[in-house]
Amino acid sequence: MQNKKTNLASQNLCNDLYSRSKIGPLFYVLSTLITGFLADYYASLSMPFIAAMFVLVITAIARLMARPPQNTKDSRDAFIKKHWLLVFCCVVTWSIFFSWTVYELGLSSAFIFGLVSTINFSTAIAHQFSPHLKRALFCSLLCLLPTLVVIILFQPSLHVAALALALYIPYLLLTAKNSHKEYFEHLNNKLQLEAALLEVELLSITDGLTGLYNRREFNNQLGRAFATSNRTKQAVSLILCDIDDFKKINDSYSHTAGDDCLIHVAKVLKNVFSRETDIIARVGGEEFAIIVLSDSENSAMKSAENFQQLLSASVCSTQGHEISLTASIGVVCYQAQTSIKPHQLYDLADSAMYRAKNKGKNRVEYTTL
Ligand SMILES: Nc1nc2c(ncn2[C@@H]2O[C@H](COP(=O)(O)OP(=O)(O)OP(=O)(O)O)[C@@H](O)[C@H]2O)c(=O)[nH]1
């Protein structure tokens, strides 16, 4: 269960990293283009500008194309590492390009535009990628610090901008930490809700005592089996089985012992009807139904007889008693070409089962269509 939750969390982290990373690369490319235009790098065919554009376009394509894997934890971990490497590449490229622009031009329209872009990028990284807090903070600072250092060392006229940037850093660190906390609170709630929904879904289709399907789900499954049979032209057999003299068991040993007997019957049924396509349901108090797909009439009959013999040869040990059980069983086989409805098949199996009761119980009766 814990493992499943960890897997779901890691899949969510992967998917979120990808979806939050989709738009960012385009802005790096756009901002570099505009800064380059404002700085007049087009006319001078500036090499740092061309190199930055080249790297940013390539990493943008790589970020968009590397979709999150859906299988193993190792492949998800590898995806996260690779994706972060690409984010790192974008940030370093922009950071070097803009620091160099600041170094070359000082105060200019390219500086103002680039500075706002730098603040935007560092904020977006710190918040959008806050699930991976350390990496997010590292890249966010990597975006800001080189520009800050260049301003301090080489552009004394821009020291006010450096002061604003320096003041922004602690604010960024604190809010990123909050985003990280909120992300995991939200993820935890989401996973808990999904798990609760799954549990409710499971409860709505199973019988609480035996863990088999309940009557409602049995009806759904029978409808589906009919549809499959009509499509594939394979036979569907329906087996109904009713525990004999169950009232006596309850009366002689207690209702709890009766419950244990029902669990015991479910176990024997699971042993006999163990194919993946076999559907076993508890359709009444001491009544069970089995849908056997793609089976010949004979083999469904054989399985039913096998179950009847195994059950009568077994004992249910409960509360210091060894209780013997038998069942009366009715079998009917549906061929796709026969024009009957699922509920009519059920009635036919039911009447076969009552024939077995009337003929002395602990036996299998078969109805031919
Ligand atoms: N312990 C237990 N008993 C149940 C449960 N559901 C139904 N029963 C009991 O199953 C018994 C069924 O009794 P009957 O319908 O008379 O059938 P029977 O005694 O098996 O007799 P035949 O069907 O003729 O063999 C009743 O006493 C119900 O109370 C359950 O979940 N647990």
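Indexing begins at 1, ligand by ligand and atom by atom, following the structure's order.
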**Pair Lys361 + Asp245, salt bridge at N-O below 4.0 Å** = yes

**Message:** Centroid separation under 6.0 Å, is that true for the rings of Phe49 and Phe54?
**Reply:** no

**Asked** Considering residues, nucleotides and ligands other than Phe138, do more than 12 of their heavy atoms fall under 6.0 Å from its CZ?
**Response** no

**Fill in**
Those residues with a heavy-atom separation under 4.0 Å from ligand 1 are Asp242, Ile243, Asp244, Asp245, Phe246, Lys247, Asn250, His255, Gly258, Asp259, Leu262, Arg282, Gly285, Glu286, Lys357, Lys361

**Item:** Test item: side-chain donor near acceptor, Gln319 and Ser254, under 3.5 Å
**Value:** yes

**Presence of salt bridge, Lys359 and Glu365, under 4.0 angstrom** = yes

**Asked** Will you find, in the side chains of Asn12 and Tyr183, an N or O donor that is under 3.5 Å from an N or O acceptor?
**Response** no

